[in-house]
Structure formats: C-alpha cells, structure tokens
Amino acid sequence: MTVYFNKLSISTKEGEPMLMTSFEEQKGMPHLVSIFDTQYFRKWTEIPRGLSFHHKMETIIKELQSEKFGLFQAMKVRRPVTAFTGYDLVQWLRKRFDMEEQREAIHLSQLLCQYGYIYPLDLKSYSIKEDRSVEYRFQKPFYWPFSSQVSTDSIEYAIYLQKRSMRNKQKHGLEPYEQEAFDKLLKVYCDKKEFIEKQATEQVDEIKKKKRNEKIIFDQQERAFWRIHRPPPGCVKNLEEGPKKNFLPQQIIARKKTKEALRKEIAFLKKSFGRPRMKFSMVFESYKLRWEQYKEFDPFMDASATQPSNPWMSDETMLWEINSPDVHIPTDSRMKKWAISFYELINDPRGQCEFDEYLQKEYSHENLHFWCAVENYKCCPRSRQKEEMNSIYKMYLEKGSRSEVNVDSKTLDQVHQNMRSSSESNAKARYVFEPAQEHIYVLMKKDSYPRYLRSDQFKDLMEKAKQQPLTKRRFFFGGPKKRPSTPSPKINRRHGSSSSDRDVSSDISGESSPVHVAHHSFSTGNLQDLDSHKSSRTNSR
C-alpha cells in the first residue's frame, strides 16, 4: 500500500518506518509530485530494503543543500552562510512539498535532526524550534547515520573520549556521564589502553594543523555524531543498531541451498498434501469433551477438586499427602481418573500396583512388566544401553523365555531388524522395542483394562476410597487432660483480712445460716489449707 503525505509519497513496506504520523490513503487522488520522482530514485529497485528509509532522508538533505533550489538559495542571503534557523527549514519544507499544515513540516524536520542529518549549534536540545532563536548546521556526509565510513563501536568511542580529555578542559572537558563511560571503557579495554592513547594522540596532532574555524566546525560535527549514537542518560536513542553479521564469502556460499536440499524440501511438501487433517470443528469438540471429563479434577476449574483443603490458598499439605504414590488407599477422585482412560491408570504409580496385582491373578502380569521395562530402557544411560537391550530381549521376547509376551511374528521381525541396525551412537537405538511395546499396550487396553474396571477388586477399592475420611489427623502433645472442676469449701483466710472470715467462723460454729462454698478445682497449691480446714471443723464438732 502506498500512502501520501500531501505531496510526499511514503511507502509502507514491511521494515520501513513512516516519516509522518498523519497521512491519507490514495483513493482516486490525482497524480502527486513527490521527491522520489527525482534523479536520485531512478534506480529505486536497487536500493536495499533496510536502507530505503535512510536513503529517502538523505535525498531530502541533498535537495536542501542543492545549489539551485536549496535552502540557502531560498533564504536569499548575499553573504555566504553555513547556518540556518528552524523557521527557514520549516518554511522550505512546506513550500517544497506543498504541505498545508505547519506541524507536518515540523515533524519532518524533527526526524532530520533526531537522526543526525542536521544538528543545533548549542548541542543541547535536538528538537526543532520553528522560530529564529536557535541556529542549525548540516551534518557532514561522513557522519551521516549508518555510514560505512565511520564505526560506532566502543573502541572508537573510547578514542574519542581520550582525545577530548587530552585537549583543553574548559572547551573540550568531558561531561559526568561521559567521564563515567570513559572509566568503564578503560577497565574493559585495559589491554588496549596504549593503542587508544596512541590513536588519540595522532588525531589530536592532525586537528592542531587545521585552522581555527575548521577546528570549531569539526568539533561540533563530531560531538553531534556521538551525541546521536551515545546519548546522555534520559534521552531517547533513535538509532537502534542490530546484531552485526560478519559472514565470510565461504560461509555465505555454504548457506545457499543446493539442488539436493531443494529436492528434499519438495518431497517433504508433497508428502504433507497426503497427510490426514482434522477439521477445526472436530478438534474443538474433542477439546470440549476432554475439558468436561477433567473439569472435576482440575483445582483451577473446580474448587471441590482440592478437597480436603486447597494448598494454593492455605499452608496445609493434606492434598499432596493423600495423593502420594505410596498411599495405601487412593482417593475417590483419583480412581475416577483411572476409569476415564487407560493412560491415567498406567501412568499413576499406585494405579500400576493395583493393575499389576489384578494381572497376576490372570497370569498376564508379564505384559505390564515388559511395558515398564521398555519405558525405563528409553531413559537408561548410554553405557548400559546394550546390556539393558539384551536383557529385555532375553527375558520377554526370546522364544521359551520365562516371561515371554504374546507378540505376533511380524512385530517380532521389526524388533529384530531394529536391533541389527541399531548401535550405541545411534539415537534410534532407544526405540528398538517400540513396535512390541505398542502391540502390548493395545492388548492391555482392549482386553485386560475393561475387565479390571468390572472386577470386584476395583469395586472394593472404590468403596474403601469413598468411606475414607478426608480430614487431617490432629495430634495433641503434652500431659493428660485436666480433670473437670468440682466444688470445694471456701478456704480460711488470715484473721483481720476481710469481713468474710467472721461469716465463715459463725457458720462453722453451728448457726442456721448456710455455709458459703467457693467453686474451684483441687490443686497442689491449696491442699494444705484444705486439710487444716477439715481438722478444725472436726474439732469444733
């Protein structure tokens, strides 16, 4: 799609940034004159995609510096000048591209300044002011962005900072962020410190040979260049440099596809046409069915799946304890998953033990043992790979062996062929018994698994799982429980302590008023007072 910014045509191909923010599509608009109809775009198709945006910017700069229709000719100044203001630049852009709104010309001039094609003389703010308060200069083509003539790596930056530190500190002194960066670079390139100093010294000597005006302009151009590539903290870096790919010619040739590689790719694409593919509606239905089946077992979808407590919400670990592999009686929800699919049963350690116990009653437990042995063989170390392979074959597949499994001759021939073609270095050696394992898996799934679900063993275990309480056992540490409190007579107090002593003594002496009784438990602290109270009461009688 080609869009137009008034009379400035801008292509929106992938990888090319926009020059302006406001634009309108070409919908029946008349032909508009653009800068790309000039002599600089006669070979438009030869421009690399990654550099087309910068090529457009450079075309504008070249037109600004043109001797016939450039910016200085539009200013109509008799004396030769090298600087211009933001007002002059904005007006030239509006007139050249027939821009109706001034903000469009300001935006384009901002991009020219931010990308380093022009720079302000004060080197402070890199924003265009549409008045005559700040003057600007054109950057030297040597310092244009993405120029192949100058490098922007850390060593060149260290040489530049070293050169400035060797000159007059009042005019060329380093700023705080530059001094910090220079110290870090010297630590990183400590082995190249002499090289950096030597290069900086030679460049300083060359600068001294120049005239005073040339020195000033050269220093400003170099500072503006490094301010764009290494901006101070808090400023935006508009030039994002990607990873550098330094390929040798031999590597580029090696990366090109050969005829053999293209033939393999064509054969692969032809095979892909014949592969069966499910419709999206069927895939969606299968996912929906699976979600409905496993919803009650997912604690994130159903809160009841985390019974008796949710370990993600509390500190209790009861859910992990009752679902551990070595638990004696599994939970009800765990056994329901066994009944959904054979895969859930055989991949659960507790389910494997229960299924193995049932297969032993049917005298077919060697099938499960063979399947588990092949699974362990796939993960065994490479040093024991050959030993384990021979051991599995002799125990389960060799004729007349003690635990021979029921495998047809065709499957057994495939295993023999895999064993002959396998080696320790071959990655496919771990899948030698894959045909026999799949055969035994299907046999257990279609024959033994349905009978196990209908067996009394599974039903009895399900009943025990339902009756199993899902409450956490609580243990109490310490001595025995406290005895219940019993009433006891009030203890005598010391004489003169309170008026209640006289009431107690009058009651004990035999008067008709009832005895005041205090209710408290017997303790070792008041046994002595209680005995003295009983003895005094007996003597009074």
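Just so it is clear, the structure is predicted and the values come from calculations on it, not from any experiment.
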Worksheet item: Just wondering, more than 12 heavy atoms not from Gln457 lying within 6.0 Å of its CD?
Response: yes
Worksheet entry | Least distance between heavy atoms, Gln110 atom then Ser127 atom | OE1-CA, 3.3 Å
Discussion item. Check this for me: does any side-chain nitrogen of one of Glu398 and Lys394 sit under 4.0 Å from a carboxylate oxygen of the other?
Written reply: no
Practice prompt. Could you walk me through whether Glu292 and Lys295 pass side chain to side chain contact (heavy atoms under 4.5 Å, CB included), step by step?
Written response: CA-CA 5 Å; Glu292 291 175 353; Lys295 178 185 176 181; 5.9 Å; no
Worksheet item: Counting only heavy atoms not in Met462, do more than 12 sit closer than 6.0 Å to its CE atom?
Response: yes
Worksheet item: Between the side chains of Asn418 and Gln414, does any donor sit under 3.5 Å from an acceptor?
Response: no
Worksheet item: Is the backbone of Glu387 close enough, under 3.5 Å, to the side chain of Ser391 for a donor and an acceptor to pair up by distance?
Response: no
Discussion item. Counting only heavy atoms not in Tyr393 (residues, nucleotides, ligands), do more than 12 fall under 6.0 Å from its OH?
Written reply: yes
Worksheet, complete the sentence: Here the gap from Glu388 atom CD to Ile392 atom CD1, rounded to the nearest 0.5 Å, amounts to 6.0 Å
Worksheet item: Hey, are the side chains of Gln293 and Leu289 touching, using non-hydrogen atoms and a 4.5 Å cut-off?
Response: yes
Worksheet item: Is the shortest heavy-atom distance from the side chain of Trp144 to the side chain of Pro141 under 4.5 Å?
Response: yes
Discussion item. For the CZ atom on Arg451, are there more than 12 heavy atoms of other groups (residues, nucleotides or ligands in this structure) within a distance under 6.0 Å?
Written reply: yes
Item to complete: Report yes or no: does Asn323 contribute a side-chain atom to a donor-acceptor pair with the main-chain N or O of Leu319 at less than 3.5 Å?
Response: yes
Worksheet entry | Under-4.0 Å salt bridge between Arg263 and Glu260 | yes
Worksheet item: Between His229 and Trp226, how do the two ring planes meet: parallel, tilted or perpendicular, split at 30° and 60°?
Response: perpendicular
Worksheet item: Per the side-chain contact (heavy atoms from CB on, under 4.5 Å) rule, which among Tyr396, Phe433, Tyr441 passes with Trp371?
Response: Tyr441
Practice prompt. Give, for atom NZ of Lys264 and atom OG1 of Thr258, the distance between the pair rounded to the nearest 0.5 Å.
Written response: 8.0 Å
Worksheet item: For Ile322 and Val327, what are the C-alpha separation, side-chain angles and deciding distance, and is it a side chain to side chain contact (heavy atoms under 4.5 Å, CB included)?
Response: CA-CA 7 Å; Ile322 62 178; Val327 70; 5.5 Å; no
Worksheet item: Distance from Met335 atom CE to Lys464 atom NZ, nearest 0.5 Å?
Response: 10.5 Å
Item to complete: Could you tell me whether the side chain of Ser364 reaches within less than 4.5 Å of the side chain of Leu443, counting heavy atoms only?
Response: no
Worksheet item: Sequence neighbours excluded, which residues qualify as side-chain hydrogen bond (donor to acceptor under 3.5 Å, both in side chains) partners of Lys337?
Response: none
Response to the item:
So CD of Glu285 and NZ of Lys279: to nearest 0.5 Å the spacing works out to 13.0 Å
Fill in: Gln417/Asp413 under side chain to side chain donor-acceptor pair (under 3.5 Å): CA gap, chis, key distance, verdict
CA-CA 6 Å; Gln417 184 178 358; Asp413 292 341; over 6 Å; no
Fill in: Audit row: Val188, Ser154, side chain to side chain contact (heavy atoms under 4.5 Å, CB included) steps and yes/no
CA-CA 10 Å; Val188 173; Ser154 299; over 6 Å; no
Discussion item. Side chains of Lys459 and Glu463, heavy atoms from C-beta outward: is any pair under 4.5 Å?
Written reply: no
Practice prompt. Using a 4.5 Å cut-off on heavy atoms from C-beta on, say whether the side chain of Ser448 contacts that of Glu362.
Written response: yes
Practice prompt. Please determine if Lys184 and Glu180 form a salt bridge, counting it only when a charged side-chain N lies under 4.0 Å from a carboxylate O.
Written response: yes
Worksheet item: If you look at every heavy atom in Lys163 and Ala200, which pair is closest and at what distance?
Response: N-CB, 3.8 Å
Worksheet, complete the sentence: To the nearest 0.5 Å, atom CD1 of Ile228 lies from atom SG of Cys113 at 6.5 Å
Practice prompt. Tell me, with the steps shown, if His369 and Asp356 meet side chain to side chain donor-acceptor pair (under 3.5 Å).
Written response: CA-CA 8 Å; His369 294 177; Asp356 184 31; 3.2 Å; yes
Worksheet item: So does Met278 have more than 12 non-hydrogen atoms from other groups sitting under 6.0 Å from CE?
Response: yes
Worksheet item: Do you know which two heavy atoms are closest between Ala224 and Gln139, and how far apart they sit?
Response: CB-NE2, 3.9 Å
Item to complete: Answer yes or no: are there more than 12 heavy-atom neighbours, outside Phe142 itself, under 6.0 Å from its atom CZ?
Response: yes
Discussion item. I'd like to know whether CD of Glu194 has more than 12 heavy-atom contacts from other residues, nucleotides or ligands below 6.0 angstrom.
Written reply: no
Worksheet entry | Test log, rule side chain to side chain contact (heavy atoms under 4.5 Å, CB included), inputs Glu58 and Tyr115 | CA-CA 11 Å; Glu58 292 171 7; Tyr115 277 84; over 6 Å; no
Discussion item. For Glu434, is there an ion pair with Lys378 - N to carboxylate O distance below 4.0 angstrom?
Written reply: yes
Discussion item. Please give me the minimum heavy-atom distance between Ala465 and Thr331, naming the atom from each residue.
Written reply: CB-C, 3.9 Å
Worksheet item: Out of curiosity, His55 NE2 to Ile60 CD1, how far, rounded to the nearest 0.5 Å?
Response: 11.5 Å
Item to complete: Taking side-chain contact (heavy atoms from CB on, under 4.5 Å) as the test, write out the residues that go with Ile266, two or more places apart.
Response: Lys270
Discussion item. Working note: Glu375 + Gln437, criterion side chain to side chain donor-acceptor pair (under 3.5 Å); need CA distance, chi angles, decisive distance, verdict.
Written reply: CA-CA 9 Å; Glu375 286 294 314; Gln437 188 187 22; 2.7 Å; yes
Practice prompt. Look at the aromatic rings of Phe355 and Tyr452 and report parallel, tilted or perpendicular, splitting at 30° and 60°.
Written response: perpendicular
Response to the item:
Correct closest heavy-atom pair for Leu461 and Glu354 would be CD2-CD, 3.5 Å
Taking distance alone, no hydrogens or angles, what donor-acceptor pairs closer than 3.5 Å link side-chain atoms of residues 339-348 to residues at least two apart or in another chain?
unit_1	atom_1	unit_2	atom_2	d
Ser341	OG	Glu344	N	3.4
Glu344	OE2	Tyr294	OH	3.2
Asn347	ND2	Tyr343	O	2.7
Asp348	OD1	Arg334	NH2	2.9
Asp348	OD1	Arg350	N	3.2
Asp348	OD2	Arg334	NE	2.9
Asp348	OD2	Trp338	NE1	2.9

Worksheet item: How far apart are the closest heavy atoms of Phe273 and Arg277, and which atoms are they?
Response: O-NH1, 4.3 Å
Discussion item. I want to check something: taking the side chain as every heavy atom from C-beta on, are Cys380 and Arg430 in contact at a cut-off of under 4.5 Å?
Written reply: yes
